[in-house]
Enquirer: 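Before I ask anything, here is the structure I am working with.
The structure presented is a predicted model; accordingly, all values stated were derived computationally and were not measured. Excluded from the calculations below are hydrogen atoms, water molecules and symmetry mates; all remaining heavy atoms, backbone and side chain alike, are included. Start at 1 and go down the list; that is how both ligands and their atoms are numbered.
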Amino acid sequence: MDLDLLAALRTPDGETALATAAKLTDGDPLLAAATLRAAGVPAGLAAAALTQAELRRRAVGKFGPDAAGMYFTRAGLEQATRGPVAARRAARLRAAGVRTMVDVGCGLGADAIAAARTGIRVYGVEADPLTAAMAAANAEATGVADRFTVTTGDATRFDVTQFDVTRFGATRFGGDPVDAVFCDPARRRAGTGRRVFDPAAYSPPWDFLLGLAERVPRTVFKVAPGIDHAVLPAGAEAEWVSVDGDLVEAAVWCGPLADVPRRATVLAGPVAHDLTGPGTGRAPVGPVRRYLYDPDGAVVRSHLVAQFADTVDGTLADPEIAYVYADRAVPTPYARCLEVVDVLPFSLKRLRALLRDRAVGRVEILKRGSALEPERLRRDLRLSGPESASLVLTRVADAPTVLLCHPVR
Ligand SMILES: C[S@@+](CC[C@H](N)C(=O)[O-])C[C@H]1O[C@@H](n2cnc3c(N)ncnc32)[C@H](O)[C@@H]1O
């Protein structure tokens with residue numbers, strides 16, 4: 001896909017090709033291409049329409065019904081923020097009084113569109129010309145082109161915090177400072193697409209992000225969920241977000257946008273739950289108890305396990321392992337709860353005998369603090385029987401231990 005093909009897709013002929021392609025993407029791709037070609041669609045446009053149709057279908061999970069009219073690159077879709085996460089962040093920015101915002105490296109525009117929908121005027125800067133053109137097309141497709149404009153360029157080469165905000169749509173730099181800056185840096189190496197873990201290798205890089213926060217106090221940037229807490233700027237709030245149990249991102253809220261040192265946001269369907277705290281506490285340690293709580297990834301990564309343990313009167317069985325044990329099963333959005341039926345020091349022979357005894361033929365395997373490979377263990381257990389169970393591989397007082405459990409519904 002290139003800029004010419006994107007322009008061609010946006011003509012009436014291109015839109016007809018896209019509409020036809022959308023009906024064909026379920027079937028054989030060669031047959032779909034042949035059908036478009038037989039309808040007189042040039043080969044390049046046919047291929048681009050089929051790719052867009054496939055990406056639009058895949059994008060529904062992140063963008064919902066908007067996906068049907070938007071434009072995507074494969075890399076841009078992979079990196080785009082999920083709709084509910086972007087909408088929640090945008091609502092928080094708006095509630096904090098943000099009226100104008102620069103989105104540095106706006107990608108295909110997921111975050112910018114969500115912000116524009118709350119009424120924030122967004123100036124996107126995007127280094128990749130095709131991605132920038134798609135972001136502009138996506139602003140039109142989602143009906144926010146009057147509040148979200150895109151400039152193509154390398155954000156590190158000019159002062160992105162100084163847009164000409166006196167006239168909306170202007171891309172001249174050197175005007176009034178904007179209220180806020182958002183940056184979701186690329187965290188994949190150009191060319192290979194491999195993830196980068198060192199913030200210095202983000203694009204734009206870490207130093208640039210910290211510099212933004214110095215110039216515009218209301219700065220928010222996204223980081224990898226595995227970020228080392230030690231590199232987070234002092235006084236900022238770091239928030240980890242999970243959606244339906246999957247840890248999807250972390251964001252750093254700077255200046256007056258910071259409410260608390262650490263926040264775990266757990267989105268379950270349309271409902272959001274927030275656990276907050278200093279991220280430094282340690283949960284008390286005790287024995288294995290009747291119920292085991294497996295905290296959500298957002299709780300673990302935000303170092304809020306002690307806060308969570310407090311909500312269920314829980315303790316850890318090993319100070320380094322984030323399983324929380326308690327006497328009661330309490331409904332909580334922050335963890336899965338399992339009832340512990342058996343506790344045994346890890347021994348393959350003993351575990352196999354126990355599972356045979358209990359007629360367990362199916363297991364899910366959870367682990368923290370164990371080097372065992374779950375799939376290999378599953379094979380080695382040679383399971384058979386009608387029952388199912390959860391096996392938790394962990395350490396208790398530093399000893400390799402296996403817990404036989406049942407999920408609490
Ligand atoms: C993770 S994506 C942004 C995704 C976006 N937040 C969304 O949800 O759709 C990062 C984007 O930053 C762009 N980028 C990287 N370095 C840049 C730079 N120095 N200036 C402008 N854009 C840059 C990349 O081309 C990429 O599209």
Side-chain angles (χ1 to χ4, degrees), residues 1 3 6 55-56 58-64 66-67 70-90 93 101-117 120 122-139 141-142 144 148-161 163 171 173 180-212 219-225 227 241 243 248-252:
M1 169 74 93
L3 284 168
L6 176 63
L55 292 175
R56 283 178 172 182
R58 285 177 35 189
V60 170
K62 277 190 174 175
F63 289 86
D66 286 338
M70 292 175 69
Y71 297 87
F72 301 99
T73 60
R74 230 170 262 286
L77 174 57
E78 230 164 69
Q79 297 181 73
T81 302
R82 295 175 194 219
V85 179
R88 195 174 153 75
R89 178 164 34 240
L93 285 164
M101 180 178 104
V102 175
D103 183 344
V104 176
C106 65
L108 296 172
D111 288 288
I113 290 166
R117 281 186 163 148
I120 297 174
V122 186
Y123 302 85
V125 182
E126 170 52 53
D128 176 58
L130 177 62
T131 305
M134 286 188 173
N138 291 340
T142 53
V144 297
F148 168 33
T149 50
V150 186
T151 299
T152 305
D154 177 346
T156 61
R157 303 185 71 142
F158 45 83
D159 186 356
V160 294
T161 67
F163 267 81
T171 53
F173 296 93
V181 176
F182 172 72
C183 183
D184 174 8
R187 282 173 276 122
R188 288 177 191 269
R189 211 169 287 286
T192 65
R194 289 235 178 97
R195 279 181 206 280
V196 297
F197 296 100
D198 177 3
Y202 291 176
S203 183
W206 189 243
D207 284 351
F208 176 81
L209 300 181
L210 297 179
L212 285 177
T219 287
V220 183
F221 45 88
K222 259 172 78 169
V223 293
I227 188 114
V241 182
V243 178
V248 295
E249 66 162 63
V252 179

Enquirer: Heavy atoms, side chains only, cut-off 4.5 Å: are F63 and R56 in contact?
Expert: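 Result no, sub-4.5 Å side-chain heavy-atom pair not found.
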
Enquirer: Could you check whether any side-chain N or O of K62 sits under 3.5 Å from a backbone N or O of A67, counting only pairs where one atom can act as donor and the other as acceptor?
Expert: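 Checking the backbone N and O of A67 against the side chain of K62, no donor-acceptor pair under 3.5 Å is found.
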
Enquirer: Should you measure from each heavy atom of S203, which atoms of ligand 1 turn up under 4.0 Å away?
Expert: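 Under 4.0 Å from S203, ligand 1 has these atoms: 15 (C), 16 (N), 17 (C).
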
Enquirer: Hey, would you say the F221 and Y202 ring centroids sit under 6.0 Å apart?
Expert: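 No, too far apart.
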
Enquirer: With respect to atom 5 (C) of ligand 1, which of A110, A114, C106, A132 exhibits the smallest heavy-atom separation?
Expert: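 Minimum heavy-atom distance to atom 5 (C) of ligand 1 goes to C106.
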
Enquirer: Suppose I only count heavy atoms of D154 and a 4.0 Å limit; which atoms of ligand 1 are within that range?
Expert: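 Once the distances to D154 are compared, the set is 18 (C), 19 (N), 20 (N).
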
Enquirer: Please write down residue, atom name and distance for the protein heavy atom closest to atom 12 (O) of ligand 1.
Expert: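 The protein heavy atom lying closest is G105 CA, 3.3 Å.
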
Enquirer: Under a 4.0 angstrom heavy-atom cut-off, which atoms of ligand 1 come close to G109?
Expert: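 It comes down to these atoms of ligand 1: 9 (O).
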
Enquirer: Side-chain contact test, heavy atoms from C-beta onward, threshold under 4.5 Å: evaluate it for W206 versus I227 and give yes or no.
Expert: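 Yes, their side chains come closer than 4.5 Å.
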
Enquirer: Could you give the distance from CZ (R88) to CZ (R82), rounded to the nearest 0.5 Å?
Expert: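 Between R88 CZ and R82 CZ, I get 15.0 Å after rounding to 0.5 Å.
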
Enquirer: Got a second to check how far L108's CG is from L130's CG, nearest 0.5 Å?
Expert: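 If I round to the nearest 0.5 Å, the distance is 8.5 Å.
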
Enquirer: Can you sort out which atoms of ligand 1 are near L108, meaning under 4.0 Å from one of its heavy atoms?
Expert: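 Checking each atom against L108, I get 9 (O).
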
Enquirer: From atom 1 (C) of ligand 1, work out which of R187, E249, Q79 has a heavy atom at the shortest distance.
Expert: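 Checking each option, the heavy atom nearest atom 1 (C) of ligand 1 is found in Q79.
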
Enquirer: Heavy atoms, side chains only, cut-off 4.5 Å: are F208 and V104 in contact?
Expert: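 The answer is yes; the side chains approach within 4.5 Å.
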
Enquirer: Between P185 and ligand 1, which part of the residue brings a heavy atom under 4.0 Å of the ligand: side chain, backbone, both or neither?
Expert: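 For P185, the contact with ligand 1 is made by the backbone alone.
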
Enquirer: Could you check if a side-chain atom of R187 sits within less than 4.5 angstrom of a side-chain atom of K222, using non-hydrogen atoms only?
Expert: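 The answer is yes; the side chains approach within 4.5 Å.
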
Enquirer: Of all the non-hydrogen atoms in the protein, which one sits nearest to atom 20 (N) of ligand 1, and at what distance?
Expert: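 Among all protein heavy atoms, the one nearest atom 20 (N) of ligand 1 is A155 N, 2.8 Å.
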
Enquirer: So is A112 touching ligand 1 or not, going by heavy atoms under 4.0 Å?
Expert: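 Flag not set, A112 not near ligand 1.
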
Enquirer: If we only count heavy atoms from C-beta on, is the T81 to R89 side-chain gap below 4.5 Å?
Expert: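 Side chain of T81 against side chain of R89, heavy atoms only: contact under 4.5 Å found.
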
Enquirer: For N138 and Y71, indicate whether the former's side chain and the latter's backbone hold a donor-acceptor pair under 3.5 Å.
Expert: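 Side chain of N138 to backbone of Y71, a donor-acceptor pair under 3.5 Å: yes, one is there.
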
Enquirer: List every atom of ligand 1 that sits less than 4.0 Å from any heavy atom of G153, numbering the atoms from 1 in the order shown and giving each element.
Expert: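 Ligand 1 atoms under the 4.0 Å threshold to G153: 20 (N), 21 (C).
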
Enquirer: Using a strict 4.0 Å cut-off to heavy atoms of D111, name the atoms of ligand 1 that fall inside it.
Expert: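 Near D111, the atoms of ligand 1 are 5 (C), 6 (N), 7 (C), 8 (O).
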
Enquirer: For atom 10 (C) of ligand 1, what's the nearest protein heavy-atom neighbour? Residue, atom name and distance, please.
Expert: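 Result: D184 O, 3.1 Å.
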
Enquirer: Give the single entry among K222, E126, E78, R82 that approaches atom 27 (O) of ligand 1 most closely by any heavy atom.
Expert: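 Result: the heavy atom closest to atom 27 (O) of ligand 1 is in E126.
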
Enquirer: Could you tell me which atoms of ligand 1, counted from 1 in the order shown, lie closer than 4.0 angstrom to a heavy atom of T81?
Expert: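 By the 4.0 Å cutoff, the relevant atoms are 7 (C), 8 (O).
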
Enquirer: For atom 22 (N) of ligand 1, what is the closest protein heavy atom, and at what distance to 0.1 Å?
Expert: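 The protein heavy atom lying closest is A127 N, 3.1 Å.
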
